[in-house]
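Structure, as structure tokens:
The chains referred to below are lettered A, B, ... by the order of the sequence lines, with proteins before strands, and numbering in each begins at 1. Bear in mind the structure is a predicted one, so any value in this text is a computation, not a measurement. Below, all heavy atoms of this structure are taken into account, side chains as well, without hydrogens, waters or symmetry copies.
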Amino acid sequence: GAGVSQSPSNKVTEKGKDVELRCDPISGHTALYWYRQSLGQGLEFLIYFQGNSAPDKSGLPSDRFSAERTGGSVSTLTIQRTQQEDSAVYLCASSSGAGAASTDTQYFGPGTRLTVL
Amino acid sequence: AQSVSQHNHHVILSEAASLELGCNYSYGGTVNLFWYVQYPGQHLQLLLKYFSGDPLVKGIKGFEAEFIKSKFSFNLRKPSVQWSDTAEYFCAVNANTDKLIFGTGTRLQVFP
């Protein structure tokens with residue numbers, strides 16, 4: 001388990017359904033990030049967790065999006081009442097958190113490809 | 001608001017050609033700059049980063065990037081590309097916050 005893992009790798013859902021995406025960061029990493037990559041777009045920041053601090057949710061696009069991080073490790077990104085525009089690849093990254101967040105190297109998972117029909 | 005522009009969306013080169021991928025950012029203060037690469041079927045991984053010191057940064061696999069503050073640029077270079085460099089390259093900037101702002105990426109195809 002050397003890297004960041006995400007599940008599922010692919011998720012197809014119907015419009016209006018809720019989905020949960022999971023991220024397992026690298027063991028010992030205290031910082032965890034979620035990003036979204038839509039077709040033809042760069043990576044869009046969604047949310048950031050650092051240790052026990054309140055998460056930075058400033059990137060979440062609407063109140064249908066939420067995320068939790070339990071026990072300082074695993075994180076779940078939940079999208080309620082999915083819409084077609086939510087279709088994207090959702091990437092999770094973690095970093096050691098030992099240095100400043102602004103200079104820490106982020107290690108990315110393989111992503112979850114979400115398709116909303 | 002910070003933004004990152006990668007003007008080359010798709011670059012096609014033959015092996016041994018030289019590479020330069022453009023990256024410009026919009027932010028007037030201190031920034032930290034990154035290039036990430038995503039090889040086919042693999043995760044995004046860090047190629048190199050700059051946050052202080054020598055503006056010419058060397059990364060893995062022979063890549064380098066030069067930070068030119070006056071031009072708000074952080075272009076990626078490699079003197080001689082290989083077929084294995086075929087990948088998507090993302091420039092990212094962080095203005096001393098917890099957020100990385102990414103460009104839209106440049107797809108590089110190298111033909112033998």
Taking the six-membered ring of B/Phe34 as reference, does the cationic atom of B/Lys49 (NZ for Lys, CZ for Arg) lie under 6.0 Å from its centre and within 45° of its axis? no
State, without any angle test, whether A/Ser87 and A/Thr115 hold a side-chain donor-acceptor pair at a distance under 3.5 Å. no
What part of B/Tyr50 gets within 4.5 angstrom of chain A, counting heavy atoms only: side chain, backbone, both, or neither? neither
Against chain B, label A/Glu44 side chain, backbone, both or neither, depending on which of its atoms sit under 4.5 Å from a heavy atom there. neither
Among side-chain atoms of B/Asn75 and B/Glu20, is any donor-acceptor pair under 3.5 angstrom? yes
Among A/Gly111, A/Ser58, A/Gly109, A/Gly59, which residue forms the greatest number of heavy-atom pairs with chain B at distances under 4.5 Å? A/Gly109
Roughly how far, to the nearest 0.5 Å, is CG of B/Leu76 from CD of B/Glu64? 8.5 Å
Just by distance, with hydrogens left out, do B/His10 and B/Gln109 show a side-chain donor and acceptor under 3.5 Å apart? yes
Where on B/Leu46 is there a heavy atom nearer than 4.5 Å to chain A: the side chain, the backbone, both, or neither? side chain
Options A/Leu91, A/Val4, A/Thr105, ranked by heavy-atom pairs under 4.5 Å with chain B, top entry: A/Thr105
